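Comments concern the structure below.
Hydrogens, waters and symmetry mates play no part in the numbers below; they use all other heavy atoms, side chains included. Since the structure is predicted, the reported quantities are computational estimates derived from the model, not experimental observations.
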Amino acid sequence: MRLVAFLSLCLLMAGPASAQPAEPVLYGYRILETYPHSRDAFTQGLFFDNGALYESTGQYGQSSLRLVDLESGDVVRRTALPQSFFGEGSTIVDGDIFMLSWRAGSALRFGAEDFTLKNSYSYKGEGWGLTYDGESLIMSDGTPQLRFIDPENFGEKRRIEVTLRGKPLKQLNELEWIDGAVYANVWKTNALVRIDPETGVVTGIVDLRGLLEAEDIVPGETDVLNGIAYADEEGVLYVTGKYWPKLFKIELVELTN
């Protein structure tokens with residue numbers, strides 16, 4: 001599939017035009033390192049904190065919060081979620097990990113040191129991705145909306161509508177805050193988008209097709225790209241997918257054609 005066709009696929013997630021289109025910067029990638037990743041991880045959230053890698057996973061009866069050893073892919077610490085809880089995105093705020101549910105309308109708050117459950121919060125609609133910008137939690141819910149949430153009480157502060165070339169872009173999944181912008185997986189595509197947190201405009205698209213080779217794909221098991229972790233000290237991304245056997249350290253390469 002050529003790049004133009006790939007971008008058209010991203011736009012299938014969009015609705016009617018609502019604003020003056022803006023042209024995003026296009027990026028490819030370069031793989032710097034490859035690490036093992038647990039095939040039983042239906043990855044929903046991925047983030048670093050002080051060099052430690054955390055992951056939240058989904059599926060009813062299989063959802064968990066994990067501390068993961070990057071080099072080996074082994075799970076160092078894990079807490080299972082209730083059977084009725086389909087785990088989604090996660091992030092950390094001042095030593096506490098917040099984790100969303102898909103349809104239960106609940107967010108859980110764990111202590112990062114031992115995964116002790118400290119609190120829970122209710123919200124309306126679905127929960128998909130979650131990140132933190134230093135002041136607010138930022139949450140996606142499958143729609144073109146991003147919600148900005150007060151981490152003290154999980155109260156909603158504001159919303160923005162995400163647009164790609166003037167059209168609302170839905171199915172935003174896992175989120176990561178990087179250098180003043182929100183990066184998001186777009187569900188069922190091999191794309192990341194970079195979002196301006198004030199306007200909601202997509203300012204960049206990252207084409208991650210070909211990241212996982214055919215030999216690593218198990219038909220009917222290996223699922224979509226999902227999971228973005230940013231290492232501040234390195235200035236690089238770590239990405240993986242649901243039930244992927246590998247996690248990739250990559251740098252972005254701006255495409256000129």
Side-chain angles (χ1 to χ4, degrees), residues 19 22 24 43-50 52-56 58 65 87-113 115 117-164 168-187 192-204 206 226-233 235 237-239:
T43 305
Q44 302 285 55
L46 195 70
F47 63 90
F48 283 103
D49 182 62
N50 294 323
L53 181 63
Y54 295 86
E55 182 173 22
S56 54
L65 176 63
E88 284 283 349
S90 56
T91 194
I92 191 165
V93 180
D94 298 330
D96 285 347
I97 296 173
F98 290 79
M99 184 174 175
L100 300 175
S101 62
W102 179 28
R103 290 178 169 171
S106 297
L108 303 180
R109 183 172 187 160
F110 300 92
E113 288 190 0
F115 291 175
L117 181 63
K118 300 175 71 173
N119 210 337
S120 63
Y121 309 91
S122 298
Y123 56 86
K124 294 182 179 180
E126 296 183 356
W128 286 41
L130 194 66
T131 191
Y132 180 59
D133 67 2
E135 294 184 358
S136 302
L137 295 165
I138 306 173
M139 171 182 166
S140 63
D141 58 10
T143 75
Q145 304 285 319
L146 290 181
R147 311 181 195 184
F148 289 73
I149 305 291
D150 187 338
E152 290 299 316
N153 55 24
F154 220 80
E156 185 174 326
K157 299 162 72 174
R158 67 183 179 98
R159 293 190 184 205
I160 59 172
E161 181 176 68
V162 176
T163 59
L164 172 58
L169 182 64
K170 60 184 180 179
Q171 296 191 329
L172 304 169
N173 208 350
E174 222 274 283
L175 306 178
E176 185 78 352
W177 179 259
I178 304 172
D179 293 335
V182 180
Y183 282 66
N185 285 109
V186 182
W187 188 46
L192 309 181
V193 292
R194 184 182 64 207
I195 303 162
D196 184 312
E198 296 301 323
T199 65
V201 171
V202 171
T203 61
V206 184
N226 202 51
I228 318 164
Y230 182 64
D232 289 308
E233 66 282 0
L237 300 181
Y238 290 75
V239 296

Query raised in the report: Where do Ser136 and Lys157 come nearest, in terms of heavy atoms and distance?
Result: OG-NZ, 2.7 Å
Report task. Answer yes when Arg158 and Glu198 have at least one side-chain N-carboxylate O distance shorter than 4.0 Å, and no when they do not. Result -> yes
Report task. Evaluate the side-chain contact (heavy atoms from CB on, under 4.5 Å) criterion for residues Leu192 and Val186: first the C-alpha distance (whole Å), next the side-chain angles of each, then the deciding distance (0.1 Å), finally the verdict. Result -> CA-CA 6 Å; Leu192 309 181; Val186 182; over 6 Å; no
Query raised in the report: With sequence neighbours excluded, what pairs up with Tyr238 under the side-chain hydrogen bond (donor to acceptor under 3.5 Å, both in side chains) test?
Result: Glu234
Requested in this report: Give, for atom CG of Leu100 and atom CG of Leu130, the distance between the pair rounded to the nearest 0.5 Å.
Outcome: 4.5 Å
Report summary line: The side-chain hydrogen bond (donor to acceptor under 3.5 Å, both in side chains) partners of Glu126 (sequence neighbours excluded) come to Trp102, Arg103, Trp128
Query raised in the report: Between Ile178 and Leu237, does a side-chain contact (heavy atoms from CB on, under 4.5 Å) hold up when you go through it step by step?
Result: CA-CA 9 Å; Ile178 304 172; Leu237 300 181; 3.2 Å; yes
Query raised in the report: Going through the distances and angles, do Ile195 and Val201 end up as a side-chain contact (heavy atoms from CB on, under 4.5 Å)?
Result: CA-CA 6 Å; Ile195 303 162; Val201 171; over 6 Å; no
Query raised in the report: Sequence neighbours excluded, which residues qualify as side-chain hydrogen bond (donor to acceptor under 3.5 Å, both in side chains) partners of Ser90?
Result: Ser56
Query raised in the report: Under the side-chain hydrogen bond (donor to acceptor under 3.5 Å, both in side chains) criterion, do Thr143 and Lys170 qualify, and how do the steps go?
Result: CA-CA 5 Å; Thr143 75; Lys170 60 184 180 179; over 6 Å; no
Requested in this report: Taking Asp133 for its side chain and Glu135 for its backbone only, find out whether a donor-acceptor pair lies under 3.5 Å.
Outcome: yes
Query raised in the report: Rounded to the nearest 0.5 Å, how far apart are CG of Asn119 and CZ of Phe154?
Result: 11.0 Å
Requested in this report: Sequence neighbours left out, what passes ring pair (Phe, Tyr, Trp, His ring centres under 6.0 Å) with Phe148? Give chain and number order.
Outcome: none
Requested in this report: Flag the pair Phe115 / Ile97 as yes when at least one side-chain heavy-atom distance between them is below 4.5 Å, and no otherwise.
Outcome: yes
Query raised in the report: Does Asp141 have any salt bridge (charged side-chain N to carboxylate O under 4.0 Å, His left out) partners at least two apart in sequence or in another chain, and if so, which?
Result: Arg147
**Report entry** Those residues that, when tested against Ser120, pass side-chain contact (heavy atoms from CB on, under 4.5 Å) (two or more places apart)
**Finding:** Leu108
Query raised in the report: Can you tell me if Thr163 uses its side chain to pair, donor with acceptor, with the backbone of Pro168 under 3.5 Å?
Result: no
Query raised in the report: Where is the tightest heavy-atom contact between Ser140 and Leu172, given as atom of each residue plus distance?
Result: OG-O, 3.1 Å
Query raised in the report: Ser101: what forms a side-chain hydrogen bond (donor to acceptor under 3.5 Å, both in side chains) with it, not counting sequence neighbours?
Result: Tyr123
Query raised in the report: Are the side chain of Asn185 and the backbone of Gly227 linked by a donor-acceptor contact shorter than 3.5 Å?
Result: yes
**Report entry** Considering all heavy atoms, the nearest Pro197-Ile160 contact
**Finding:** O-CD1, 3.6 Å
Query raised in the report: Partners of Glu152 by salt bridge (charged side-chain N to carboxylate O under 4.0 Å, His left out), sequence neighbours excluded?
Result: none
Query raised in the report: More than 12 foreign heavy atoms under 6.0 Å from CG of Asn153: is that the case here?
Result: yes
Query raised in the report: Got a donor-acceptor contact below 3.5 angstrom from the Glu174 side chain to the Gly129 backbone?
Result: no
Query raised in the report: Would you say the side-chain atoms of Tyr230 pair up with the backbone N or O of Asp232, donor to acceptor, closer than 3.5 Å?
Result: no
Query raised in the report: Nearest heavy-atom pair of Tyr132 and Pro151: which atoms, and what distance?
Result: CE1-CG, 4.3 Å
Query raised in the report: Nearest 0.5 Å, what's the CD-CD distance between Gln145 and Glu161?
Result: 5.5 Å
Report task. Could I get the full list of salt bridge (charged side-chain N to carboxylate O under 4.0 Å, His left out) partners for Asp96, not counting sequence neighbours? Result -> Arg109, Lys118
Query raised in the report: Roughly how far apart are Ile92 CD1 and Asp49 CG, rounded to 0.5 Å?
Result: 3.5 Å
Query raised in the report: Within a strict 4.5 Å, meaning less than it, do heavy atoms of the Leu175 and Tyr183 side chains meet?
Result: no
Requested in this report: Can you see which heavy atom on Arg194 is nearest to which on Ala181, and at what distance?
Outcome: CG-CB, 3.7 Å
Query raised in the report: Minimum heavy-atom separation for Thr43 to Asn226, with atom names?
Result: O-ND2, 3.0 Å
Requested in this report: Could you tell me whether the side chain of Leu46 reaches within less than 4.5 Å of the side chain of Ile228, counting heavy atoms only?
Outcome: no
**Report entry** Nearest-0.5 Å distance that lies between atom CD in Glu176 and atom OG1 in Thr131
**Finding:** 5.0 Å
Report task. List for me each residue that meets ring pair (Phe, Tyr, Trp, His ring centres under 6.0 Å) alongside Tyr54, sequence neighbours excluded, and say none if there are none. Result -> Phe47
**Report entry** Gap separating the CG atom of Asp150 from the OH atom of Tyr121, nearest 0.5 angstrom
**Finding:** 9.5 Å
Requested in this report: Could you check if a side-chain atom of Val206 sits within less than 4.5 angstrom of a side-chain atom of Val193, using non-hydrogen atoms only?
Outcome: no
**Report entry** Listed partners of Glu113 passing salt bridge (charged side-chain N to carboxylate O under 4.0 Å, His left out), at least two apart
**Finding:** none
